[in-house]
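These values consider heavy atoms only, across backbone and side chains, with no hydrogens, waters or symmetry-generated copies. The residues of the chain are indexed from 1 along the displayed sequence.
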Amino acid sequence: MAKVATRVSFIEGALGVLLLALLGRAAQVQLFQGSRWASEARQARTEHVVLDAPRGALLDRHGTPIALTQETYHVGVAPNELRDPDHDPATIARALRVPLERVQDELARHYAYFEGPFTSGTMQALRDVHGVHLEPVLNRFYPSPDFARAVIGRAGQGGQKPSGIERTLDTLLAGVPGAAVVLKDRAGRQYDSPARRIQSPVPGNDVELTLDAELQEIAQRSLRLALERMDADGGDVVMLDPSSGEILAVASERRDGGVRPSALIDAYEPGSVAKIFTAGALITDHRISLSERVSGEGGRYKMLDRTMVDDHPLPTLDLADAIRVSSNIAMAKFAARLTPNEEYGMLRDFGLGAPTGVEFPSEATGRLALPKEWSRPTPASLAIGYEVSVTPLQIAAAYAAIANDGVLLEPTLVREVRSPDGEILYRHRPEPVRRVVPPEVARQLRQLLAGVVSTSGTGASAALASFTLAAKTGTARRVVKGHYAPGEYT
């Protein structure tokens, strides 16, 4: 009996120790670690997530949408939360436009998931169905995908970086993300819990660009036709308002289908379109009388280590003739009257070799060497558009200065910025860079350019009956693998 009593006492003591340990552990969990375990439980059922902000819209100058943010949804259904299991599946099938059998098969699982994406209008019928959980997804949408694509770029969804204007204006368009607590099922899938939103996202600003959708379409269509007609490797078009600096259209096409904003980032030797800048220096610095004439040398002229050739030779030429028939010989002779600083200064003042300031990433600056880097042939080369590289936008801005009575403006692609509630945060005003030439000189340069499209000019085929044009043709040999290639021209 003594042994039995001893065993009973031992068992009772052991049970007492275990009970005390259990009570102690319970007290530890409940009183001292309660908040910790409650937090871990909440974390198992919930998760803090970032709510993406709707990206601001890009519009053309007349309000035509170029890039919009579209909200779509993924749909999750918790079958055990449905209040009308007999009729809710049919409602879900109609809203999602999927077969009822598929919905019923999905609902046989613990959690049904329909990836979609489904539009906001589709979701209206499901917003009040208990047990249906909507997962919003923001997508960048381009109504006309080919519209100025090289310049507009893309917003960079899926981990990719933005490009083009979308990249330059990213801080304006992106908005401010919000935060929320979402619920999770056993599989870790999330579903929306609007009542637990911590901070609502703030949409990005809307940006009205200077582009004109109608002119952009004309530019793109005309460029494609020109490439086919000329059998060219590629081409660029820039339309710019000379009184404001606003870019109305910019198109870049390549025969191989490549999409790159070459009008802004690719530099080339302009050839004869640069002759008008040398003419500006000659007139401004009083190095020439408009009535002076030089010999055309029969169309061939040996100069230093090269031979100048004219495609439209004349016996003698004044400055107007030199521009009208694009005489290399006459322009080289006239340019010899300028000092290196005078010739360089005028080219630099017109914006060559310097960024224009347009709102675009990686804009090319081109190249214009300092006078101290010149060789003996450089003055003649610059006079006819060689040994200098430019972008189409730089040329457009420089010619716009001639049209704008000699004042160079900073070109822009941004016309207006508006907050999500419509408040105007920024509106473009013309930004003068410098006065390049006096108004009278600009007028004389326009007259010289008007001669190019006269019946005897190199641009006669561009003449229009309804408008007076001022223009300049230009052809330059192309550099291929470090050398001027025969039969290759810009």
May I ask you to check whether Phe277 and Phe350 place their ring centers less than 6.0 Å from one another? yes
Between the side chains of [X] and [Y], is a donor N or O closer than 3.5 angstrom to an acceptor N or O?
X	Y	result
Glu363	Thr356	yes
Asn139	Thr72	yes
Ser326	Ser272	yes
Arg260	Ser252	no
Glu359	Thr412	yes
Ser375	Thr378	yes
Thr69	Arg140	yes
Thr339	Asn341	no

Between [X] and [Y], does at least one N-O distance fall below 4.0 Å, as a salt bridge requires?
X	Y	value
Glu387	Arg367	no
Asp405	Arg443	no
Arg167	Asp170	no
Arg254	Asp236	yes
Glu208	Arg415	yes
Arg477	Glu488	no

Taking all non-hydrogen atoms of both residues, which atom of [X] and which atom of [Y] are closest, and how far apart?
X	Y	result
Val238	Ala396	CG1-CB, 3.7 Å
Ser327	Asp310	OG-OD2, 2.7 Å
Pro203	Pro420	O-CG, 3.2 Å
Leu317	Gly296	CD1-CA, 3.6 Å
Ser243	Pro430	O-CG, 3.9 Å
Pro392	Asp266	CD-O, 3.8 Å

Got a donor-acceptor contact below 3.5 angstrom from the [X] side chain to the [Y] backbone?
X	Y	answer
Glu343	Pro340	no
Asp241	Gly245	no
Asp60	Ala213	yes
His74	Glu115	yes
Gln394	Thr365	yes
Arg348	Gly353	yes
Trp374	Pro379	no
Asp285	Arg287	no
Asp318	Glu292	no
Arg149	Phe147	no

[Y] side chain reached by [X] side chain, heavy atoms, under 4.5 Å:
X	Y	value
Phe360	Ile265	yes
Met239	Asp212	no
Val358	Glu410	no
Glu166	Arg154	no
Arg221	Ile218	yes
Arg434	Asp349	yes
Leu68	Pro65	yes
Leu211	Arg61	no

Rounded to the nearest 0.5 Å, how far does [atom2] of [Y] lie from [atom1] of [X]?
X	Y	atom1	atom2	answer
Leu134	Phe118	CG	CZ	10.5 Å
Glu246	Leu409	CD	CG	10.0 Å
Ile288	Leu319	CD1	CG	4.5 Å
Leu445	Glu440	CG	CD	10.0 Å

Quick one, Leu338 with Met346, criterion side-chain contact (heavy atoms from CB on, under 4.5 Å). Give me CA distance, side-chain angles, the key distance, then yes/no. CA-CA 10 Å; Leu338 296 168; Met346 184 58 66; over 6 Å; no
Could you go through Arg478 and Glu269, starting from their C-alpha distance and side-chain angles, then the distance that decides it, and tell me whether this counts as salt bridge (charged side-chain N to carboxylate O under 4.0 Å, His left out)? CA-CA 8 Å; Arg478 292 179 66 188; Glu269 287 183 305; over 6 Å; no
Checking side chain to side chain donor-acceptor pair (under 3.5 Å) for the pair Ser244/Arg429: CA distance, chi angles, key distance, verdict? CA-CA 7 Å; Ser244 66; Arg429 290 179 175 80; over 6 Å; no
side-chain contact (heavy atoms from CB on, under 4.5 Å) evaluation trace for Leu382 with Tyr344: CA-CA 9 Å; Leu382 291 173; Tyr344 170 86; over 6 Å; no
Please assess Glu416 against Arg427 for the test salt bridge (charged side-chain N to carboxylate O under 4.0 Å, His left out), listing each intermediate value before the final yes or no. CA-CA 4 Å; Glu416 193 171 276; Arg427 179 173 287 159; 2.9 Å; yes
Hey, could you give me each pair passing ring-ring contact (aromatic ring centres under 6.0 Å, His included) that has a residue in residues 471-490? Not counting sequence neighbours. Tyr386-Tyr484
Could you check whether Lys275 makes a cation-pi contact with Phe334, meaning its NZ or CZ is under 6.0 Å from the centre of the six-membered ring and within 45° of the ring axis? no
Show your reasoning for whether side-chain contact (heavy atoms from CB on, under 4.5 Å) applies to Val414 and Val207. CA-CA 7 Å; Val414 178; Val207 177; 4.0 Å; yes
What's the verdict on salt bridge (charged side-chain N to carboxylate O under 4.0 Å, His left out) for Arg255 and Glu228, showing C-alpha distance, side-chain angles and the deciding distance? CA-CA 9 Å; Arg255 184 162 56 180; Glu228 293 175 5; over 6 Å; no
Would Val436 and Val407 satisfy side-chain contact (heavy atoms from CB on, under 4.5 Å), going step by step from the backbone distance to the final call? CA-CA 6 Å; Val436 184; Val407 177; over 6 Å; no
Give the intermediate values and the outcome of salt bridge (charged side-chain N to carboxylate O under 4.0 Å, His left out) for residues Arg418 and Glu423. CA-CA 5 Å; Arg418 294 190 290 268; Glu423 179 186 359; over 6 Å; no
